[in-house]
Amino acid sequence: MSAPAPSTLAIVDAEPLPRQEEVLTDAALAFVAELHRQFTPRRNELLARRGERRAEIARTSTLDFLPETAAVRADTSWKVAPAPAALNDRRVEITGPTDRKMTINALNSGAKVWLADFEDASAPTWENVVLGQLNLTDAYERRIDFTDPKSGKSYALKSADELATVVMRPRGWHLEERHLQLDGVSVPGALVDFGLYFFHNAQRLIDLGKGPYFYLPKTESHLEARLWNDVFVFAQDYVGIPQGTVRATVLIETITAAYEMEEILYELRDHAAGLNAGRWDYLFSIVKNFRDGGSKFVLPDRNAVTMTAPFMRAYTELLVRTCHKRGAHAIGGMAAFIPSRRDAEVNKVAFEKVKADKDREANDGFDGSWVAHPDLVPIALASFDAVLGEKPNQKDRLREDVSVAPGDLIAIDTLDASPTYDGLRSAVAVGIRYIEAWLRGLGAVAIFNLMEDAATAEISRSQIWQWINAGVVFENGEHATADLARKVAAEELAAIREEIGEETFTAGKWQQAHDLLLQVSLDQDYADFLTLPAYEQLR
């Protein structure tokens with residue numbers, strides 16, 4: 001008797017979308033189902049391990065480089081695979097979601113790379129998940145255009161040699177895709193995003209002289225990198241492309257991953273392209289992991305924690321040294337400023353800050369950096385051109401002058417700044433505004449001239465939570481309490497209602513956003529990710 005055919009994926013509780021049959025083909029869904037069968041059990045074990053490690057940090061209030069992987073760090077013989085031509089020059093990368101207009105603008109931006117984002121810059125509505133895939137395939141097939149219904153302006157792709165190389169970012173391991181289930185169990189969002197993109201586009205990208213390239217978010221350990229590597233090996237065999245075609249850049253945006261950078265590169269060495277230094281998620285991770293550690297781990301206002309803070313400098317310098325020691329690209333952080341169409345003076349000041357930030361990264365040895373808006377591409381490009389000249393990167397700068405001790409990465413109290421009452425107001429204001437947009441399906445949102453994404457909401461609610469639980473007293477004498485947070489949130493909600501008018505307020509999701517921000521900021525049980533309870537409300 002022959003074995004029964006394996007179960008297939010079910011599309012659950014999802015309205016049909018135009019052209020979804022081009023993405024959700026039987027063959028593509030069979031591939032995603034196989035990824036789920038092969039790798040979700042290990043993913044579940046690794047998520048449980050995150051909790052165990054968090055409990056250990058709560059007990060010890062410290063972290064160290066891993067003794068069990070000391071041999072990997074000491075072995076000078078290994079390097080990551082050489083960069084493919086399409087990823088050798090990454091001096092400026094633009095980030096953004098995969099809606100149709102952004103897809104065209106990002107590819108046309110003049111940046112070397114576009115981080116096509118299904119993660120923090122994309123609220124994972126079914127529409128965004130499926131149509132984002134369709135937009136990327138349409139772009140590779142050069143059948144994408146867009147006319148803005150408001151302005152009437154039309155957008156179309158430039159010639160192929162002027163387009164950015166796409167590096168796609170799937171969702172993190174912790175998120176589920178509730179609309180795709182196997183035997184009643186939701187498939188991890190990471191495997192859905194990766195699987196659909198890889199299945200449809202791997203060969204197509206090879207034919208274009210590029211390849212399936214990925215950014216891996218929220219990685220917390222080298223074991224999670226090992227899981228991704230096994231996914232890549234399986235996937236390449238499944239569709240019949242050479243091993244090593246996939247390339248992955250890992251975001252070092254958790255404090256635990258900062259202690260395992262070499263090991264992460266080692267696990268992915270046949271597929272590794274580099275590491276990236278983020279900011280908001282990294283700070284969020286510090287709060288999350290050291291929230292029981294007392295006053296020495298209390299962060300000041302988010303804007304007071306620049307990349308020049310001693311503990312952030314230790315992290316970025318160690319990242320550059322680690323990458324170049326192993327032949328990988330080191331990619332710097334985000335310039336999130338959104339230029340004002342009305343205030344030239346605001347732009348002038350901001351552009352100077354962006355230039356200083358990118359100058360610092362280029363001079364520190366980074367091979368490239370991120371921007372959120374096409375107008376910032378020339379600024380970042382100039383900073384890296386000044387250092388690189390005609391060279392595609394500066395991986396030959398080994399930064400052997402850098403020496404970082406374990407304690408340097410968590411020396412939060414070396415920063416001469418404290419939380420302020422204005423910082424609380426700002427965290428509430430930005431948090432409500434971002435969550436409201438996210439609940440309407442927008443993951444990248446311009447707020448107060450900055451492009452904000454889900455990491456913004458995470459650091460906002462984490463700081464409110466931390467300041468209350470640490471008993472912070474602000475400079476005006478007010479104590480950080482749940483009642484104060486509720487008062488500030490109520491005032492902010494009233495100000496928004498006044499600003500936008502009753503009709504627009506009622507049509508939005510403002511009360512819902514206010515309530516969710518307070519829920520995750522005030523609950524004694526700190527939610528691992530804001531996007532988990534938020535996803536339950538995303539319709």
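We're numbering straight along the sequence, starting at 1.
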Does [X] reach the side chain of [Y], with side-chain heavy atoms less than 4.5 Å apart?
X	Y	result
His222	Thr69	yes
Glu253	Pro217	yes
Tyr282	Leu251	no
Val246	Val231	no
Met334	Thr95	yes
Leu376	Lys358	no
Phe337	Val346	yes
Arg54	Glu220	no

For [X] and [Y], work out which heavy atoms get closest and say how close.
X	Y	value
Pro406	Asp64	CG-OD1, 3.0 Å
Val377	Ala111	CG1-N, 3.8 Å
Pro124	Trp438	CD-CZ2, 3.4 Å
Thr414	Ala411	OG1-O, 2.6 Å
Trp173	Leu47	O-CD1, 3.9 Å
Val402	Val404	CG1-CG2, 3.9 Å

Keeping the roles fixed (side chain from [X], backbone from [Y]), state whether a donor-acceptor pair exists under 3.5 Å.
X	Y	value
Asp523	Asp525	no
Trp467	Leu299	yes
Asp367	His329	no
Glu267	Leu223	no
Tyr215	Asp117	no
Arg397	Asn363	yes
Glu93	Trp370	no

Polar side chain donor-acceptor pair, [X] to [Y], under 3.5 angstrom:
X	Y	answer
Asn449	Ser340	no
Tyr213	Thr249	no
Ser221	Arg53	no

Interatomic spacing from CG in Leu175 to CG in Asp193 - rounded to 0.5 Å
9.0 Å
Quick one: CG on Asp422 to CG on Asn303, what's the gap to the nearest 0.5 Å?
11.5 Å
Taking it one step at a time, do Arg73 and Glu263 satisfy salt bridge (charged side-chain N to carboxylate O under 4.0 Å, His left out)?
CA-CA 7 Å; Arg73 297 193 299 276; Glu263 294 90 331; 2.7 Å; yes
Does [atom1] in [X] sit with more than 12 non-hydrogen atoms of other residues, nucleotides or ligands closer than 6.0 Å?
X	atom1	value
Gln512	CD	yes
Tyr266	OH	no
Asn476	CG	yes

Partners of Asp364 by side chain to side chain contact (heavy atoms under 4.5 Å, CB included), sequence neighbours excluded?
Arg313, Glu317, Arg360, Phe366, Arg399
List in chain and number order the residues that pass side chain to side chain contact (heavy atoms under 4.5 Å, CB included) with Thr60, two or more places apart in sequence or in another chain; answer none if no residue qualifies.
Glu56, Thr62
Under the ring-ring contact (aromatic ring centres under 6.0 Å, His included) test, residues paired with Phe194 that sit two or more places apart
Phe198, Phe214, Trp228, Phe232
Residue set satisfying ring-ring contact (aromatic ring centres under 6.0 Å, His included) with His373, at least two apart, ordered chain then number -> none
Side-chain donor/acceptor pairs under 3.5 Å, residues 379-388, sequence neighbours excluded:
| from | atom 1 | to | atom 2 | distance (Å) |
| --- | --- | --- | --- | --- |
| Ser383 | OG | Asp359 | OD1 | 2.7 |
| Ser383 | OG | Ile379 | O | 3.4 |
| Asp385 | OD1 | Arg91 | NH1 | 2.7 |

Under 6.0 Å from the six-membered ring centre of Trp510 and within 45° of its axis: does the NZ or CZ of Arg497 meet both?
no
From CA spacing to verdict: side chain to side chain contact (heavy atoms under 4.5 Å, CB included), Val129, Arg171:
CA-CA 10 Å; Val129 168; Arg171 280 169 281 181; 3.6 Å; yes
Apply the test side chain to side chain contact (heavy atoms under 4.5 Å, CB included) to residues Leu196 and Val130: give CA-CA distance (whole Å), side-chain angles for both, the deciding distance (0.1 Å), then the verdict.
CA-CA 9 Å; Leu196 292 175; Val130 175; 5.7 Å; no
Checking Arg461 against Ser521 for the side chain to side chain contact (heavy atoms under 4.5 Å, CB included) test, could you report, in this order, the C-alpha distance in whole Å, the side-chain angles of both residues, the deciding distance, and whether it holds?
CA-CA 5 Å; Arg461 65 95 179 195; Ser521 300; 3.4 Å; yes
Could you walk me through whether Thr98 and Asn135 pass the side-chain hydrogen bond (donor to acceptor under 3.5 Å, both in side chains) test, one step at a time?
CA-CA 7 Å; Thr98 56; Asn135 291 336; 5.4 Å; no
N/O donor to acceptor pairs below 3.5 angstrom from side-chain atoms of residues 468-475, sequence neighbours left out:
| from | atom 1 | to | atom 2 | distance (Å) |
| --- | --- | --- | --- | --- |
| Asn469 | OD1 | Gln524 | NE2 | 2.9 |
| Asn469 | ND2 | Trp465 | O | 2.8 |
| Glu475 | OE1 | Tyr421 | N | 3.2 |

Apply salt bridge (charged side-chain N to carboxylate O under 4.0 Å, His left out) to residues Arg425 and Glu491 and explain how you reach the verdict.
CA-CA 10 Å; Arg425 295 204 72 93; Glu491 291 169 354; 2.9 Å; yes
Do you know which of Thr103, Asn105, Ile104 makes side chain to side chain contact (heavy atoms under 4.5 Å, CB included) with Leu107?
Thr103
Out of the candidates Arg433, Lys487, His514, only one should pair with Glu492 under the side-chain hydrogen bond (donor to acceptor under 3.5 Å, both in side chains) rule; please name it.
Arg433
Please test Arg341 against Asp375 for salt bridge (charged side-chain N to carboxylate O under 4.0 Å, His left out), starting from the C-alpha separation and ending with a verdict.
CA-CA 11 Å; Arg341 297 291 176 236; Asp375 287 0; 3.3 Å; yes
Check ion pair [X]-[Y] (N to O, under 4.0 angstrom):
X	Y	value
Glu176	Arg43	yes
Arg49	Glu45	no
Asp120	Arg169	no

As a quick check of understanding, evaluate side-chain hydrogen bond (donor to acceptor under 3.5 Å, both in side chains) for Asp515 and Gln519, giving each step before the final call.
CA-CA 6 Å; Asp515 295 351; Gln519 175 192 324; over 6 Å; no
